[in-house]
Asks: 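Below: one structure in structure tokens.
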Protein chains: 2
Amino acid sequence: MTEAAAAELPQDDDIGELNAIVGFHIRLAHGACYRHFTETFADLELTQKQVSVLWLVDDHPGMSQIDVGTRLQMDRATTMTIVNRLQARGYMRREKSATDGRKQALFLTPEGLTILGHAKDAIREHEAWLKSRFTQKELDTLMELLARIHD
Amino acid sequence: MTEAAAAELPQDDDIGELNAIVGFHIRLAHGACYRHFTETFADLELTQKQVSVLWLVDDHPGMSQIDVGTRLQMDRATTMTIVNRLQARGYMRREKSATDGRKQALFLTPEGLTILGHAKDAIREHEAWLKSRFTQKELDTLMELLARIHD
DNA sequence: GTGCAATTGTTAGTAGAGCATACAATCCCA
DNA sequence: TGGGATTGTATGCTCTACTAACAATTGCAC
């Protein structure tokens with residue numbers, strides 16, 4: 001079969017050598033996850049990052065922006081824009097840290113707590129979609145392997 | 001320890017319940033990959049998507065944009081912007097398909113072939129960084145599990 | 001064969017995420 | 001006490017992704 005003929009008879013999943021690239025599979029998996037997440041959260045109008053920040057600040061009231069960024073692997077500027085957005089929507093407030101004047105202590109507002117509750121429901125749904133294709137043992141393996149990449 | 005005290009004594013990797021969320025680990029792993037990729041490709045000024053498209057079109061000369069998008073899981077509009085960029089930089093050309101007037105056949109220019117060669121070198125470096133933390137068996141497992149998410 | 005629906009490419013607009021840079025306030029340590 | 005480091009902030013840029021609308025083309029139903 002000539003190359004031209006091959007181009008005329010495509011198989012949707014034929015990505016050739018790219019299939020052997022680990023990073024490529026990580027990117028595709030992330031994309032699939034991202035799309036499903038966005039659908040699941042369409043009503044709440046929250047992104048993955050926004051939920052992560054709400055969740056983390058709820059777990060650690062009063063934490064600083066730099067802390068949030070470090071734990072979620074974002075730089076200061078990116079963290080800023082996310083906190084700004086959450087604050088503008090009334091889900092979060094900043095308060096000058098009592099112990100370190102450079103820091104802003106972050107807290108959820110009551111509205112933030114409410115939306116986080118809804119978000120956790122949606123997360124459960126999203127995670128169920130993701131987990132449905134794995135056994136618990138496979139999930140443990142997957143998370144352990146992924147952790148080696150981002151740690 | 002009070003919550004306030006906890007906030008004052010943060011452990012960088014303490015992300016609480018978030019740690020149990022599969023999607024969260026996928027996102028962090030993707031982010032780590034993305035950052036290393038960007039560093040590795042700083043000289044070439046190519047993104048993951050751009051390299052994927054170059055690679056795919058080199059494998060399948062004359063393929064259509066919709067095909068590229070389908071295989072890389074991008075919509076038409078996103079594919080457009082990436083092809084536009086690659087074409088503007090002289091790495092790719094469009095040609096009206098002989099068999100379907102709606103389609104554009106995509107081809108690499110000689111410059112595109114050259115840069116793809118450099119890109120593949122950089123990919124090898126990037127993949128080596130990624131693979132260094134796994135055995136071959138673990139890599140096979142990881143790719144198989146990731147494929148279940150994006151297929 | 002003709003007409004209508006689907007496909008493909010294109011354009012324009014919006015939004016989020018990420019990064020670099022610069023600056024001010026604050027903190028910490030020598 | 002002074003200088004370097006840390007933290008937050010502001011600005012601007014790029015890339016990715018999505019929607020909606022439109023035109024050209026194709027292919028199927030009739």
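Just so it is clear, the structure is predicted and the values come from calculations on it, not from any experiment. Order of the sequence lines fixes the chain letters, A, B, ..., with proteins taken first and strands second; residue numbering starts at 1 for each chain.
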Asks: Please verify the inter-ring angle class for B:His126 with B:Phe37; under 30° counts as parallel, over 60° as perpendicular, anything in between as tilted.
Replies: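 Perpendicular, since the angle between the ring planes exceeds 60°.
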Asks: What's the separation between atom CD in B:Glu138 and atom CZ in A:Arg148, rounded to the nearest 0.5 Å?
Replies: 4.0 Å
Asks: Report the distance from atom CE of A:Met80 to atom CD1 of A:Ile66, rounding to the nearest 0.5 Å.
Replies: 11.5 Å
Asks: With a non-hydrogen cut-off below 4.0 angstrom, is A:Asp100 in contact with a base, only sugar-phosphate, or nothing?
Replies: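 A:Asp100: backbone/sugar contact only, no base atoms under 4.0 Å.
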Asks: side-chain contact (heavy atoms from CB on, under 4.5 Å) with B:Ile82: which of B:Asn84, B:Thr78, B:Thr79?
Replies: B:Thr78
Asks: Would you mind classifying the nucleic acid contact of A:Thr47 as base, sugar-phosphate or nothing, using non-hydrogen atoms under 4.0 angstrom?
Replies: sugar-phosphate
Asks: With DNA chain D as reference, determine whether A:Arg27 or A:Gln104 sits nearer its 5' end, using the nearest nucleotide of each.
Replies: A:Gln104
Asks: Hey, quick one: are A:Leu130 and B:Leu142 part of the same hydrophobic cluster, counting side-chain heavy atoms closer than 4.5 Å, chains of contacts allowed?
Replies: yes
Asks: Using the closest heavy atom to pick a nucleotide of DNA chain C for each, name whichever of A:Arg76 or A:Lys96 lands nearer the 5' end.
Replies: A:Arg76
Asks: Between A:His60 and A:Arg71, do the side chains contain an N or O donor and an N or O acceptor separated by less than 3.5 Å?
Replies: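 Per modelled atom types, A:His60 and A:Arg71 side chains form a pair under 3.5 Å.
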Asks: Just jot down the salt bridge (charged side-chain N to carboxylate O under 4.0 Å, His left out) partners of B:Arg124, sequence neighbours excluded, or say none.
Replies: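 Only B:Asp121 meet the salt bridge (charged side-chain N to carboxylate O under 4.0 Å, His left out) criterion with B:Arg124.
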Asks: Quick one: CG on A:Asn19 to CZ on A:Phe24, what's the gap to the nearest 0.5 Å?
Replies: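 If I round to the nearest 0.5 Å, the distance is 8.0 Å.
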Asks: State, to the nearest 10°, the angle formed by the axis through the first five base pairs of the helix from C:dG1-D:dC30 to C:dA30-D:dT1 and the axis through its last five.
Replies: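 Angle reported: 30°, given to the nearest ten degrees.
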Asks: A:Tyr34 or A:Arg102: which one's nearest nucleotide on DNA chain C is closer to the 5' end?
Replies: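 It is A:Tyr34, whose closest nucleotide lies nearer the 5' terminus.
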Asks: Mind checking B:Arg94 for me? I need base, sugar-phosphate or nothing, with any heavy atom below 4.0 Å counting as a touch.
Replies: sugar-phosphate
Asks: So how far is it from A:Arg93 CZ to A:Gln87 CD, rounded to the nearest 0.5 Å?
Replies: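 Here the interatomic distance stands at 10.5 Å.
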Asks: Report the residues that fulfil side chain to side chain contact (heavy atoms under 4.5 Å, CB included) with B:Asp100, sequence neighbours left out, ordered by chain and then residue number.
Replies: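 B:Asp100 satisfies side chain to side chain contact (heavy atoms under 4.5 Å, CB included) with B:Ser97, B:Arg102, B:Lys103 only.
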Asks: Taking any atom under 4.0 angstrom from a heavy atom of chain B, which nucleotides of DNA chain D are the first and last to qualify, 5' to 3'?
Replies: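 Listed 5' to 3', the contact boundaries are D:dC15 to D:dT26.
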Asks: I need the A:Leu146 CG to B:His25 NE2 distance, nearest 0.5 Å.
Replies: 8.0 Å
Asks: In Å, rounded to the nearest 0.5 Å, how long is the span from CD1 of A:Ile21 to CG of A:Leu28?
Replies: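 Here the interatomic distance stands at 12.0 Å.
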Asks: Using 4.0 Å as the upper bound for N to carboxylate O, is an ion pair formed by A:Lys120 and B:Glu17?
Replies: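 Yes, this pair counts.
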Asks: Among residues 80-90 of chain B, which residues get a heavy atom nearer than 4.0 Å to DNA chain D?
Replies: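 The answer is B:Ile82, B:Arg85.
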Asks: Going 5' to 3' along DNA chain C, which are the first and last nucleotides with any atom under 4.0 Å from a heavy atom of chain A?
Replies: C:dG16 to C:dC27
